[in-house]
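For the numbers below, each heavy atom of this structure counts, side chains included, while hydrogens, waters and symmetry mates do not. So you know, we letter chains A, B, ... as the sequences are listed, proteins then strands, and number each from 1.
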There are 2 protein chains.
Amino acid sequence: MESKQGRREKKNERASKLRRLGLRATPQRLAILAFLEGNRNHPSAEEIYQALKPRFPSLSLATVYSTLEILERAGEIQILTIDPERRRFDPDPTPHAHFYCRLCGRVFDLPPGEPVLEELPEEIEGFRVEKILLCVYGVCPGCRGRHKEGT
Amino acid sequence: MESKQGRREKKNERASKLRRLGLRATPQRLAILAFLEGNRNHPSAEEIYQALKPRFPSLSLATVYSTLEILERAGEIQILTIDPERRRFDPDPTPHAHFYCRLCGRVFDLPPGEPVLEELPEEIEGFRVEKILLCVYGVCPGCRGRHKEGT
DNA sequence: CTTTATGCAAATGCTTTGCACTTTT
DNA sequence: AAAAGTGCAAAGCATTTGCATAAAG
């Protein structure tokens, strides 16, 4: 289990990170950062909100949205448009491919280099490139096992 | 200008295409197909609806959505999730990269092979692949000219 | 004549907004 | 204090749904 001290240290790291970005280190933001850290589930805003509500009863969905947008602009997270129903959030801001399972709706990170996502060029034919998303759709291994249509 | 006969021929082609797919060739569907054909603007459902309304006053937005979904399932068009605000539709179903300009909101086709979108593998690490979208975000050449921030 | 598609209006659900209030710094 | 962030409720919109009517094959 994690030590009380370890937790305090991480909290301080998150706070400094926020201040470094010119943002105020509010409990809400620290909680969102902590929840996202190492989270590979690509949660939606609602999921983040629901997960944090028990510990932060005053938290509002609007704050979640606003924080996530700010974090994206600061380059700390990615906002994914892969899910047609809702925005999904990825704490890993480095470019990598994502997979959306049309059966369970889960979003997965794909191993780097699998569909090759070469480093983003500064520019493509006059278009200034700022971000690239590679979205793969289909059926995930788990769902392929449960429903046995095709391979 | 296009001959009356040429138009009739294309209409027949569209009708046969629909029937081949097991769909009924209704005026609404023919109109949507005709509007999409060769359209490089990646219109939204609303845009398609507005464009067709003058000639088909009875057309409804629900029909536009339903037709587009059917056409995607039939593999005739692509539904893009590149625009965070709304669904965009591409009459070209072959895999190619798209560019979304955050200033004007337009969606462009990128030349094939620019960000290389290799043919989609049947499967990646156990994930069954059915579709790949490569979405590039940034500023388009037109907007780079108008606002002269950065390069 | 059967089946499929359409149109309407209402409903749904995600995301944003305005604003008064609270917290950081 | 000043500036920035939060929470709430309402508003905004894109998309879907249910169902009665209409058109296609």
Under 4.0 Å between a Lys/Arg side-chain N and an Asp/Glu carboxylate O for [X] and [Y]?
| X | Y | result |
| --- | --- | --- |
| B/Glu130 | A/Arg102 | yes |
| B/Lys131 | B/Glu72 | yes |
| B/Glu76 | B/Arg20 | no |

Nearest-Å distance, [atom1] ([X]) to [atom2] ([N])?
| X | N | atom1 | atom2 | answer |
| --- | --- | --- | --- | --- |
| A/Asp83 | C/dT15 | CG | C1' | 14 Å |
| B/Leu30 | C/dT6 | CG | P | 10 Å |
| A/Glu85 | C/dT12 | CD | C1' | 11 Å |

Five-pair end axes of the helix from C/dC1-D/dG25 to C/dT25-D/dA1, angle between them (10°):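 Answer for the end axes of this duplex: 40°.
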
Shortest non-hydrogen contact from A/Phe99 toward B/Arg128: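 What the structure gives for the nearest pair is CZ-O, 3.5 Å.
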
Ignoring hydrogens, what is the shortest heavy-atom contact between A/Tyr65 and A/Ala45? Give both atom names and the distance.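 Closest heavy-atom pair between A/Tyr65 and A/Ala45: CZ-CB, 3.5 Å.
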
Heavy-atom contacts under 4.0 Å between residues 48-78 of chain B and DNA chain D, which residues?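 Those residues are B/Leu61, B/Ala62, B/Tyr65.
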
Would you tell me whether B/Thr63 and B/Ser66 have side-chain atoms, one donor and one acceptor, within less than 3.5 Å of each other?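 No, because no side-chain N or O of B/Thr63 sits under 3.5 Å from a partner of the opposite role on B/Ser66.
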
Donor-acceptor pair between B/Tyr100 and A/Thr81 side chains, under 3.5 angstrom: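 Per modelled atom types, B/Tyr100 and A/Thr81 side chains form no pair under 3.5 Å.
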
Distance check: side-chain N/O of B/Arg86 vs OP1/OP2 of C/dC14, anything under 4.0 Å?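 Result: no.
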
Sequence neighbours excluded - ring pair (Phe, Tyr, Trp, His ring centres under 6.0 Å) pairs with any residue from residues 2-38 of chain A: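 Applying ring pair (Phe, Tyr, Trp, His ring centres under 6.0 Å) to every pair that reaches into residues 2-38 of chain A, excluding sequence neighbours, yields nothing.
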
Applying side chain to side chain donor-acceptor pair (under 3.5 Å), name anything that partners A/Asn12, two or more places apart in sequence or on another chain.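 Side chain to side chain donor-acceptor pair (under 3.5 Å) check on A/Asn12 returns nothing, list empty.
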
Reading DNA chain D 5' to 3', which nucleotide is the first, and which the last, to come under 4.0 Å of any heavy atom in chain A?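 It runs D/dA3 to D/dC8.
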
Just so I know, are the side chains of [X] and [Y] near enough to count as touching, which here means a heavy-atom distance under 4.5 Å?
| X | Y | value |
| --- | --- | --- |
| B/Glu13 | B/Arg8 | no |
| B/Leu68 | B/Ile48 | yes |
| B/Lys10 | B/Glu37 | yes |

I need a per-nucleotide contact map over nucleotides 19-25 of chain C, read 5' to 3'. Cutoff is protein heavy atoms under 4.0 Å; write B for the base, S for backbone only, - otherwise. -----BS

Nearest 0.5 Å, what's the CD1-NE2 distance between A/Ile82 and A/His42?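 Here the rounded value is 8.5 Å.
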
